[in-house]
Amino acid sequence: MYHYWGKAAKGSTAHHLLVYHCLDVAATLRALLDADKRLHQRLHALAPAVAPADLDALLLYFAVLHDLGKFAPAFQQQRQDIVDKLDGPPAKRICNAHHSHLGKAIFFDEDIVVAWQPSLLCRDGWPHKDILAPLTDAAFGHHGKPPQDLSDSNLRLPPSTAAAIRQFMGEVCSRFLPGPLTLPGGDAANQAFRPVSWFFAGLLVVADWLASGQGFAYCETPMDLAVYWNERALPQARATVADCGMVSPLPRQGGGFHELLPHIEQKYGPTPLQAYALEVAGRDSGPRLFIFEDVTGAGKTEAALLAAHAVMAGGEAHGFYIGLPTMATANGMYARMAASYRALFMDADTVVPSLMLAHGARGIQDAFLHSIGLERGRDGESDAADGEQPDSGAFCAAWLADNRKKSLLAPCGVGTLDQALLAVLPAKHQCLRLLGLGRNVLIADEVHAYDPYTTRLLETLLTFQAGLGGCAILLSATLPRRIKQGLAAAFCRGAGYPVPAVSADPLPLATRLANGVFTETPLAQTRTLSVAVTLCHDPAEALDRLVAVHTAGGCAILLCNTVDRAMAARNLLAERLPPADVLLFHARFALCDRLAIEERVLAIFGKGSTTEIRRGKILVATQVIEQSLDVDADFLVTELAPMELVLQRAGRCQRHNRKWRPAGFVGPAVLVLSPPAVDEPGPGWGEAELGKGLFVYPGHDVLWRTAQLLARWERVELPRDARELVEGAYDADALPTPAALQSAEDKQTGKASAEKSLALFNGLEFSQGYGTDAAAGHWHDDRETPTRLGEERVTLRLVRVVDDGLALWAGEGLDAATCARSEVSVPKHRGDALAATDAWQERLDAFAATLPDKGRWVRLVPFVETETAGVWHCALPGTTAVYSREGGLNYG
DNA sequence: AACAAAAAAAAA
Ligand SMILES: [Fe+3]
Ligand SMILES: [Fe+3]
């Protein structure tokens, strides 16, 4: 058994013996379990039918066996030079497959079974293959997917190899499985290892990656396995685990409000929701779900942190992960967390907890990049010199940061919800993400912001989280009752709780599921906004009002449902007002221009602005403004949209405390550009007023009910009235869908239910345990399982044609950040319309080759400046697209 | 055609 290599160096015959690598991985698993007692206990709780000691023994045993497939000739012969050096077995015909599939086949091969069967004796006789399947699939699936059964059942193992494997297994069995195990029998047996297998799969990948890294020295000399285990494997494993960033100090015990949230000024006490979190969250044990519904800016995130801390302090979670709907909001949240997350933990001079930023474009976030590998507060070498505060600021262990798949393993994480959803999709290495989430508290922010497909995936994630014994906190503005019901039910399915009926009580509302008990707690409103709502059917009237705001010296926002309508409205306003006073903001800008506009918007409409800066500014925007920008307008006009969006938009009107408001616009007021809210709308309802915006919100019945309700209400008080209005907009019993809008409704509900079933089909099934069956067999086909649905899109990377060649739009540099800042995403057919001639393609390819990513995943599009300064025309022959920094991309 | 939004490299 010492004639087989497991790891090899490139360019030399230096190698690590296979049996040692196997022990390294088991030792790393041992070290991981010892380092995270809370997780260790969770594993035991997930397999209640198995004695804890027996479970530990089995997990370590299968960890040793994870690379069993590397004994096979197919693997060994990849380095014939080392085989020769080791005097390995000759093989003429081999069974060719990846060693993870081979490992499983070898384990169940009849020549091999005899070597382990006596050690796995259980009460009812030999364990059936199905009982162990979740564990074997997790062990042999350490390359990110469960192994497949080989189509060719003949392994063609040379006799010497079979003998070596039997010898190895014999030694491993006597060492790791000393006494007869008592495995469960009867009907429950097949279920026994299914829940724990999800964690085991993730732990094994972590152990394998750690044990394949720098911390483990190659060893080529044969020695007794027990000696290697004690003197090499375990010490190296413990050192490596201590360094990898997965372990963190214990949570702060008994901290009060201001100690846990040091960024909140002393003069502010907890809001009702935060007081609730402090008081209630630590009370129970076991899987818990909290749903906090309140308006944005009411301190929901802090409440969630307090609740998460209570769960951590109770010894039931390691840390937290905050999942958000966009990368931009994630960046913002990361900045907030960086300043305060360490207060949730005890001060320890040995370990600093890692804070992770997890999303696709984090590579250009300097604040995060600078935090990687900084050993502040640890070895004290660098910080003393530059006088930095050693105990503040973000830190992220280098090992965690070098691969996106590892990012959820950090004790504290902020990122897109999509990163978390990938844990319950048959994506490669999903088990890593699931392990990280499962041991943390999952906090999902802005839950109302997702489509039916993604919401359904979130349900699946909640089932997993509960099934793994974990906790989750959902934060949202008004969550329609049916969506809330689905989320709560999904959590109950995983936790084994009875499914309650959630209410549609007014906001703010705290919902809690713990120990099978369901409670809803209405809370006092902290900040309220009373908005006058007027419907208006004439766009000219809306423009007049905006001009009136300008004249009165105030500022306003006009929200359009499509980019083209926003561009058109901007042009109309620019005819009547100084063009410099009219801003345009939508998503069809290169990132650098978009960020500049966003900064300008915040400077004008943000909290720090002044009456003078705000004077006469009119912003025309699309839905980009809905995304968590804290802006305040004196007056707001919006095109009709589904109720929850209208209310969210209305919340942007006079939300800050400002002394001065323009004459005629004192008090929050919103004008909704809407088709008439008639009782019997005819065919084509809304086409005149909303145009192509009707395609953006195809649930025309919801639009109609929204208009009906707003026409009746005239004034709404937020957040109190939000619930009634949102429920009413979706309630076809109270306001039956008019005949002319029925087909639109049918189409929309049909589409939503199709998307939901697709999400159900794509998502993994917790109850199956780790294995191919959990993915309905589609783990191995190439079908895409995305986190969001939608029309196909392409990313355009804008390129400037300059005197001496090509340059990126965002600047002179050719680095990854300048690339990202030059990009804009468009529908695929729009991108396809910008086809390059062969000559241009050659030129663009040559330019792409000089970029860090070689232009993969994007399409380079050249622009050349026209006679009009600032207006650029697409340089490709036959194209009409135009770009400017003020207007963005116009398809022409 | 009509919004915005995310994802994209392993552990030889
Ligand atoms: Fe492997
Ligand atoms: Fe391995």
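Just so we're on the same page: letters track the sequence lines, and every chain starts at 1.
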#### Entry: Nucleotide B/dA8, atom P - distance to NZ of A/Lys428 in whole Å
13 Å
### Intermediate values then yes/no, salt bridge (Lys or Arg N to Asp or Glu O under 4.0 Å), A/Asp451 and A/Arg788
CA-CA 8 Å; A/Asp451 283 352; A/Arg788 302 191 195 204; over 6 Å; no
### Task
Run the salt-bridge test on A/Arg797 and A/Asp853 with the 4.0 Å N-O cut-off and return the result as yes or no.
yes
### Message
Side chain of A/Arg404 only, heavy atoms from C-beta on: which candidate in B/dA5, B/dA8, B/dA10 is closest?
### Response
B/dA8
#### Entry: Rounded interatomic separation in angstrom, taking NZ from A/Lys406 and P from B/dA9
14 Å
### Query
Do the charged groups of A/Lys828 and A/Asp832 touch, with an N to O distance under 4.0 Å?
yes
### Query
Taking only side-chain nitrogens and oxygens of A/Thr622, does any of them come within less than 4.0 Å of OP1 or OP2 of B/dA4?
yes
### Task
Could you check how far CZ of A/Arg793 sits from C1' of B/dA8, rounded to whole Å?
16 Å
### Summary
Result for 5'-nearest mapping on DNA chain B, choosing between A/Gly693 and A/Pro786, is A/Gly693
### Query
Out of B/dA7, B/dA4, B/dA11, which has the shortest distance to the side chain of A/Ala587?
B/dA4
### Query
Where the side chain of A/Thr562 is defined as all heavy atoms beyond and including C-beta, which of B/dA4, B/dA8, B/dC3 is the nearest nucleotide?
B/dC3
### Task
For the pair A/Arg649 and A/Glu626, find out whether any cationic side-chain nitrogen is under 4.0 Å from an anionic carboxylate oxygen.
yes
### Query
If only side-chain N and O atoms of A/Arg565 are considered, is one of them under 4.0 Å from the OP1 or OP2 phosphate oxygen of B/dC3?
no
### Summary
Atom CD of A/Glu823 and atom P of B/dA7 are separated, to the nearest Å, by 13 Å
### Listed nucleotide nearest any side-chain atom of A/Thr416, set B/dA1, B/dA7, B/dA11
B/dA7
### Task
Answer with base, sugar-phosphate or nothing: what part of the nucleic acid does A/Leu457 contact at a heavy-atom distance below 4.0 Å?
nothing
### Query
So which nucleotide from B/dA6, B/dC3, B/dA4 ends up closest to the side chain of A/Val696?
B/dC3
### Query
Do the side-chain N or O atoms of A/His143 get closer than 4.0 angstrom to the phosphate oxygens (OP1, OP2) of B/dA11?
yes
### Candidate nucleotides B/dA5, B/dA11, B/dA1, ranked by approach to the side chain of A/Val624 - the nearest
B/dA5
### Message
Check A/Lys692 with A/Asp564, please: is the shortest side-chain N to carboxylate O separation under 4.0 Å?
### Response
no
### Task
Among A/Arg232, A/Gln236, A/His16, find the residue that satisfies the side-chain hydrogen bond (donor to acceptor under 3.5 Å, both in side chains) test when tested with A/Asp24.
A/His16
### Message
Taking any heavy-atom pair under 4.0 Å as a contact, classify A/Gly6: base, sugar-phosphate, or nothing.
### Response
sugar-phosphate
## Note on the structure
Among the nucleotides B/dA6, B/dA9, B/dA1, whichever has the atom closest to the side chain of A/Trp857 is B/dA9
#### Entry: Earlier contact from the 5' end, DNA chain B, for A/Val563 and A/Gln419
A/Val563
### Task
Report which part of the nucleic acid A/Lys10 touches: base, sugar-phosphate, or nothing (heavy-atom distance under 4.0 Å, all strands).
nothing
### Query
Whole Å only: how far is the CZ atom of A/Arg588 from the P atom of B/dA1?
13 Å
### Message
Categorize A/His829 for me: base, sugar-phosphate, or nothing, with a 4.0 angstrom heavy-atom threshold over every strand shown.
### Response
sugar-phosphate
### Query
To the side chain of A/Asp451, which of B/dA11, B/dA8, B/dA5 is closest?
B/dA5
### Query
OH of A/Tyr450 versus C1' of B/dC3: gap in Å, rounded?
16 Å
### Message
Nearest to the A/Arg788 side chain among B/dA4, B/dA1, B/dA6, which nucleotide is it?
### Response
B/dA6
### Task
Could you tell me the separation between the CG atom of A/Leu421 and the C1' atom of B/dA8, rounded to a whole number of Å?
17 Å
### Query
Which listed nucleotide (B/dA1, B/dA4, B/dA6) is nearest to the side chain of A/Thr326?
B/dA6
### Query
How close or far is atom C1' of B/dA8 from atom CZ of A/Arg797, stated in whole angstroms?
13 Å
### Message
Do A/His21 and A/His66 make a side-chain contact, defined as non-hydrogen atoms from C-beta onward lying under 4.5 Å apart?
### Response
yes
